[in-house]
Colleague: 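Please read through the structure below; I'll follow up with questions.
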Protein chains: 2
Amino acid sequence: MSVSTDNFLKAVYQLHSDKHQKAVSARLVERLNVSGAAITDMAKHLAQKGLIEYEPYKELRLTNKGREKALAVVRKHRLWETFLVQVLQIPWEKVHGEAERLEHQTSDYLIDKIDEFLDYPKLDPHGDPIPDVKGEMDETINEMVLIAGKSDADFIITRVQHHDEDLMEFYNKHNIRPGKGLRVISKMDKFGFISVEMNGSTIALPEKIARSLYVKPIAKNP
Amino acid sequence: MSVSTDNFLKAVYQLHSDKHQKAVSARLVERLNVSGAAITDMAKHLAQKGLIEYEPYKELRLTNKGREKALAVVRKHRLWETFLVQVLQIPWEKVHGEAERLEHQTSDYLIDKIDEFLDYPKLDPHGDPIPDVKGEMDETINEMVLIAGKSDADFIITRVQHHDEDLMEFYNKHNIRPGKGLRVISKMDKFGFISVEMNGSTIALPEKIARSLYVKPIAKNP
DNA sequence: GTTAATTTTTAAGTTTGCTTAAAATATAAT
DNA sequence: ATTATATTTTAAGCAAACTTAAAAATTAAC
Ligand SMILES: [Mn+2]
Ligand SMILES: [Mn+2]
Ligand SMILES: [Mn+2]
Ligand SMILES: [Mn+2]
């Protein structure tokens, strides 16, 4: 498998899981930074290899074999991110770029050694679940995007999106991490801000941020 | 720089340093497993980029810029090998293959972090010197190939070749490592064996092995 | 110093993963 | 239900890094 097919399968897997108004193909264009023609090309190519189901103008879908390959790449990516943060102490905003390249050049043998060394972590530094050697991982239940959270309710941050550098900068500035608690004070105002209480102070989160944070509700302490 | 140029420059650098009857071009064909035509192609291409000096039918030579790039790849390779052995405890015979791929996907930032983590090692697991961040490394003085060693003299193994799996298997079986001492009992016999005393016993080393071990003489203890 | 063997280069062609421009189809709007 | 807009596919083509086969230059042999 080449770097391009790795990235294609991984992207299909990830885009498929969070549903969106746009079709997978269209979002692949943005995610992989290639033309639409390249997507069709690759789709046909991988369909013929039995990795995706492709029919003209229909939504792309991974076959079992394709999902297996995608999960293997996701596993390598997330284990590398975890390793780089925990062992080499690389700042969490820097590890995604490194992992994006290392994931394609890491044997199954090596990644299993890394997994063992880390003692089989379940979550990466951004809160994303790490597939185990069989491709299985924890389901995140009750999870929602922060922007969908009811006001006057308490949440814990479960995951943060981390593809965008601006997002990461914001998280760092406001000490936003998976595991942190927050309370939604008011839902989005007319300027696109949502007000939350965090780390003892109230801050206004821009819509972009509020859409990038995944949270789960917790029982209120009276 | 692509993987192919990385490997090409690294190979030119390495083949240039140990001189041999065959020309560099011819040995590149073996080392990189490509046709002669591909070597000429790449040579022209890199010459035009100012990385090597190329004139038809003349020996290839790296420019300063080319050597710099080559050393950067060598640095990444050897630091990865060291890291995989020391930190992840991967057996030394397995690390070369992994490093061969990782070396091309590792940023300068990351490799410097690895260097720092390892506390700036000077030698890799096979005894090869590791270029520092400026491309400088220890010269190995008085070093020779074992087969050139005088009989009835004592040596220390400085480096071992490790591209070949058979070699590594032999080293493991006989506990041959950099740093080990040995004494040459007799030079190569008519069957191609050289007799040495090592680890308290006498063993016959086939020519191939004796050509793969680099040693330096030590003063005899009377 | 010719001739022969070896090495290197040139020439032509392939594959992968892209591109742009157009045509085809699907989706949305009136 | 047409028409307009957006998306996807087809078509043609390009660049990198290879290949094989033939031609050219070098090196070795006699
Ligand atoms: Mn990531
Ligand atoms: Mn990637
Ligand atoms: Mn190596
Ligand atoms: Mn390599």
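A note on names: the letters A, B, ... follow the listed sequences, proteins ahead of strands, and every chain is numbered from 1. Note that this is a predicted model, so its numbers are computed, not measured.
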Colleague: Please work out if Y54(A) contacts a base, only the sugar-phosphate, or nothing of the nucleic acid, heavy-atom cut-off 4.0 Å.
Modeller: sugar-phosphate
Colleague: For N33(A) and P56(A), find the nucleotide of DNA chain C closest to each by heavy atoms; which residue's nucleotide sits nearer the 5' end?
Modeller: N33(A)
Colleague: Measure NZ/K22(A) against P/dT27(C) and give the value in whole Å, please.
Modeller: 16 Å
Colleague: Ignoring the backbone of A26(A), work out which of dA11(D), dT8(D), dT19(D) is nearest its side chain.
Modeller: dT8(D)
Colleague: Check this for me: E59(B), atom CD, are more than 12 non-hydrogen atoms of other residues, nucleotides or ligands nearer than 6.0 Å?
Modeller: yes
Colleague: On DNA chain C, compare the nucleotides closest to H45(A) and E55(B); which residue's is nearer the 5' end?
Modeller: E55(B)
Colleague: Within this structure, what is the CE-to-C1' distance between M1(A) and dG17(C), rounded to whole angstrom?
Modeller: 16 Å
Colleague: Could you tell me how far apart D6(A) (CG) and dG17(C) (P) are, to the nearest whole angstrom?
Modeller: 11 Å
Colleague: From the options dT19(D), dT19(C), dT9(C), select the nucleotide whose nearest atom is closest to the side chain of V34(B).
Modeller: dT19(D)
Colleague: Using a heavy-atom cut-off of under 4.0 Å over every strand shown, decide if A23(B) touches base, sugar-phosphate, or nothing.
Modeller: sugar-phosphate
Colleague: Do Y171(B) and D166(B) have side-chain heavy atoms sitting under 4.5 Å apart?
Modeller: no
Colleague: Atom NZ of K58(B) to atom P of dA24(D): distance rounded to whole Å?
Modeller: 21 Å
Colleague: In whole angstroms, how far is the C1' atom of dT27(C) from the CD atom of Q21(A)?
Modeller: 15 Å
Colleague: Under 4.0 Å: is that the gap between some side-chain N or O of T40(A) and OP1 or OP2 of dT10(D)?
Modeller: no
Colleague: Of the nucleotides dA17(D), dT19(C), dT8(D), which one has an atom closest to the side chain of S4(B)?
Modeller: dA17(D)
Colleague: Specify the separation, in whole Å, of atom CZ of F8(B) and atom P of dA16(D).
Modeller: 16 Å
Colleague: Is the phosphate of dT10(C), meaning OP1 or OP2, less than 4.0 Å from a side-chain N or O of K44(B)?
Modeller: yes
Colleague: Which nucleotide, dT25(C), dT9(C), dT20(C), lies nearest any side-chain atom of Y57(A)?
Modeller: dT25(C)
Colleague: Of H104(A), Q105(A), K69(A), which meets side chain to side chain donor-acceptor pair (under 3.5 Å) against D6(A)?
Modeller: H104(A)
Colleague: Can you tell me how far CE of M168(A) sits from NZ of K94(A), rounded to the nearest 0.5 angstrom?
Modeller: 10.5 Å
Colleague: Look at the side chain of S35(A) and decide which nucleotide, out of dT8(C), dT19(C), dG17(C), has an atom nearest to it.
Modeller: dT19(C)
Colleague: If you measure from CD1 on I111(A) to CD on E116(A), what distance do you get to the nearest 0.5 Å?
Modeller: 12.5 Å
Colleague: When the distance from CZ of R27(B) to P of dT7(C) is rounded to whole Å, what number comes out?
Modeller: 13 Å
Colleague: Quick one: D41(B) CG to dA21(D) C1', roughly how many Å, whole number?
Modeller: 15 Å
